[in-house]
Amino acid sequence: MALVPYEETAGVGLQKFHKPLATFSFANHTIQIRQDWRQLGVAAVVWDAAVVLSTYLEMGAVELRGCSAVELGAGTGLVGIVAALLGTLT
């Protein structure tokens with residue numbers, strides 16, 4: 001079980017979740033994801049795990065070309081967006 005404080009001032013590392021826009025650069029594209037912690041909670045922010053997995057896919061560590069995938073419980077969907085930009089989803 002994870003403890004996730006919901007107050008903006010609860011922790012320095014959590015402040016990024018309260019910003020309305022998160023910007024990333026993957027697959028030669030700039031990706032902007034709207035976040036809404038206050039209204040939608042933990043499902044509406046880009047978590048570090050999504051950034052790590054997106055980086056892993058971009059590194060080409062796994063060959064997914066020609067494979068199909070379904071992204072369930074993906075929150076903001078960053079990993080699916082990156083995979084599609086990399087041409088890994090059919």
Side-chain angles (χ1 to χ4, degrees):
M1 178 179 226
L3 175 62
V4 181
Y6 285 90
E7 295 86 28
E8 287 185 52
T9 58
V12 176
L14 296 175
Q15 291 175 354
K16 64 183 175 184
F17 297 132
H18 293 281
K19 293 182 180 177
L21 195 63
T23 304
F24 305 93
S25 180
F26 287 107
N28 297 316
H29 289 80
T30 299
I31 303 166
Q32 292 187 327
I33 305 278
R34 292 191 190 277
Q35 302 186 122
D36 193 346
W37 178 287
R38 285 182 190 91
Q39 288 189 342
L40 302 174
V42 297
V45 295
V46 179
W47 290 96
D48 292 344
V51 177
V52 170
L53 183 52
S54 295
T55 301
Y56 185 73
L57 291 176
E58 188 175 47
M59 290 171 43
V62 177
E63 179 57 51
L64 297 174
R65 238 176 255 295
C67 295
S68 297
V70 176
E71 188 172 351
L72 300 174
T76 59
L78 177 65
V79 175
I81 293 167
V82 171
L85 288 172
L86 293 169
T88 58
L89 298 179
T90 58

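The analysis underlying the following values was restricted to heavy atoms, covering all of them including side chains, and did not include hydrogens, waters or symmetry mates.
With sequence neighbours left out, Val51 forms a side chain to side chain contact (heavy atoms under 4.5 Å, CB included) with Phe24, Phe26, Val46, Thr55, Leu78.
When each of Leu85, Ile81, Leu86 is paired with His29, the side chain to side chain contact (heavy atoms under 4.5 Å, CB included) condition holds for Leu85 and for no other.
Within the 3.5 Å criterion, the main-chain N or O of Thr23 finds no donor-acceptor partner in the side chain of Gln32.
Counting only heavy atoms from C-beta outward, the side chains of Gln35 and Leu21 never approach each other to under 4.5 Å.
No chain of hydrophobic side-chain contacts below 4.5 Å, direct or via other Ile, Leu, Val, Met, Phe, Trp or Tyr residues, connects Val52 to Trp47.
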